[in-house]
Amino acid sequence: MDNPAIARILREIADLLEVKSENPFKIRAYRNGADVVANHPHGLSALDAAGLREIPGIGKDLAARIREIADSGDAEYHRELVAELPPTVLDLLHLPGVGPKTVGTLYRELGIRSIEDLDAAVTEGRIRALRGTGVKKEGQILKALTERKRHAGRHLLAETHETATALVAYLRERSPATGIEPVGSLRRGCETCGDIDILACGGDQTLVDAFLDYGAVERVLAHGDTRSSVLLGGGYQAGLRLVAPESRGAAMQYFTGATPHNIALGDRAVGLGFTLNEHGLHRLEDHAVVAGADEEGIYETLGLAWVPPELREGRGEIEAAAARSLPRLVERQDLRGDLHTHTTVTDGKDDIAAMAESAREAGLEYIAITDHSKALAMANGLDERRALAHAQQVRSRDAEHGVRLLAGIECDIRLDGALDLADDCLAALDLVVASVHSGFGQDRQQMTERLLRAIENPFVDILGHPTGRRLLKREPYAFDVEAVIEAAARHHVALEINCQVDRLDLNDVDARLARDRGVLLVISTDAHSRHAFGRLRWGVVTARRAWLRPEDVLNTRPFDEMRSSLRRRRP
DNA sequence: GCCGTTTTCGGCCCGACTGTTTTCAGTCG
């Protein structure tokens, strides 16, 4: 058993205990234990109970459970809980507005064990009859169920990548001579992905057999000579397609481009006397193959520069490729810093030193420590006094770990758009990220005015996760995106592309619009632990999909240049 | 359930909002 698998069971124990309304601190202990296990750098199944107990957050009981899971694949305690409460009820927890108490009530009172049960109960009007729920709650649940159906079968980019990478590594090991590449939405870096599409160039039936034989396969959906697809654990659908080597580029192109891109490319081919399909680019008059072995050849023959996969959405990239004016897209290596991170002083898992050290290892030159402000009480948010004391701590460690530090804050934007900390406190800090963490239900006008007021505050440097969305979970709050972008441009406030894998907020479309209107973007991790710097890559992918160049992104700049552009608004 | 101890028990992450109440329970961040 690897760490993530052990962590999953611990987390499920925590969720089940929560539905049972057990001691909240016990629940937290399991949840924390799961985090510790998931983030531990070494495989924990190699440790004995005594070794496990030396890890902070793991005590006598958790050490025993981890040992048991590592040895047998499960824990008796977990099995007992599952016998009491079907684990499918935990799916209900993911619905916004439905928490552990509601799940417990739904199960006990109405015997609801799954999303499907809940759907039926809502339709039959049985929910509103429950004590403590009424018409509004019913409407909320109905909306959540509808949203969920819309998201069915989709997965976060980062998680899809992880699943696909494991599968591709397995296939490459089985068939080292075959070119095996993921294509489709994953290659384009879409924020969520449906299927995992994999091309195998030069592979044969033994590779297909290996694919069908892959450990995570739950069901074979189709099995043909050149194309097979399976359902993987976790609800992923994966397809493998065998391609002749001479068609590799054509297939890569065909199965990567979004439909509008492929249509535009096909039209262009016809206009130039060719036809384009997954096998190659052919001359119309005699069907001779003119390109197909590599993507560059296809684009070049069509008079186009090679188009980076992230841009193949049919959003003007063909025209730009024809005019040789595709942007030099930002890359991970261009990033010199991270302007949104947390520490143990609020709800982070690691202290200033550990964060700085990890940032250096990730190749960063600077980071801003931006812990929460007091409105986020649950995160132990900082009031003015603590914020200033923390800033002093941060500054005292500046450059100590080979990384420059900025003493910042992630300051809550209150319901009326006022900032959570006094101006003189904000003025004493190096960097202010302003974010919404409450009152998501405000109407469009209220929320727009709220954000505009925050942007007008002269101490605000960056608007954090500007739309508040959680991918596959929560829609963005209602507000006038264009008005906020215009205001950000006017007041020189940068907009964040938050790298949390379920945020990627701003998204590609809005970030591109912002750049076009003269707004600077920032790619930040919003790290709550030292392990989070790796997810910068997902922010970079989003930025690339937004056509951003290095100069459009604030944190590609050297430290001094970045700093001087921050402070220009201050009175 | 973990931790720390002044060691075997008490503290641990709180406050606002929403919807359902009509004095509060549940959810969220």
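These numbers come from the heavy atoms of this one structure, side chains and all, not from hydrogens, waters or symmetry mates. Below, read A as the first sequence line, B as the second, and so on, with proteins coming before strands; counting in each chain starts at 1. Worth saying up front: this structure is predicted, and the values here are computed from it rather than measured.
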Nearest-angstrom distance, P atom, B/dT5 to B/dC12: 15 Å
Do the side-chain N or O atoms of A/R470 get closer than 4.0 angstrom to the phosphate oxygens (OP1, OP2) of B/dC28? no
Using whole Å, what does the distance between atom P of nucleotide B/dC28 and atom CG of A/D347 come to? 17 Å
For the residue pair A/H78 and A/E68, confirm or rule out a side-chain donor-acceptor distance under 3.5 Å. no
Under 4.0 angstrom between A/S438 side-chain N/O and B/dC28 OP1 or OP2: no
Toward the 5' end of DNA chain B, which comes first, A/Y30 or A/P100, by nearest nucleotide? A/Y30
Mind checking if A/N380 touches a base, just sugar-phosphate, or nothing, with heavy atoms under 4.0 Å? nothing
Can you tell me, in whole Å, how much space there is between the C1' of B/dC3 and that of B/dC13? 16 Å
Would you mind classifying the nucleic acid contact of A/N32 as base, sugar-phosphate or nothing, using non-hydrogen atoms under 4.0 angstrom? nothing
When the P atoms of B/dT21 and B/dT27 are compared, how many Å lie between them, rounded to an integer? 15 Å
Want to settle it: does A/L130 or A/L376 sit nearer the 5' end of DNA chain B, counting the closest nucleotide to each? A/L130
Using OP1 and OP2 only, check whether a side-chain N or O of A/R28 sits under 4.0 Å from B/dC13. yes
Could you tell me which nucleotide pairs with B/dT8 by Watson-Crick or G-U wobble geometry, both distances under 3.5 Å, or answer none if nothing does? none
Let me see the working for A/R469 and A/D502 under salt bridge (charged side-chain N to carboxylate O under 4.0 Å, His left out), right down to the final yes or no. CA-CA 8 Å; A/R469 70 170 181 177; A/D502 65 342; over 6 Å; no
So, the side chain of A/D338 versus the backbone of A/T525: is there a donor-acceptor pair under 3.5 Å, distance only? yes
Over all strands shown, is A/R128 touching base, sugar-phosphate only, or nothing at heavy-atom distances under 4.0 angstrom? nothing
Whole angstrom value for the distance that separates C1' of B/dT18 from CD of A/Q442: 14 Å
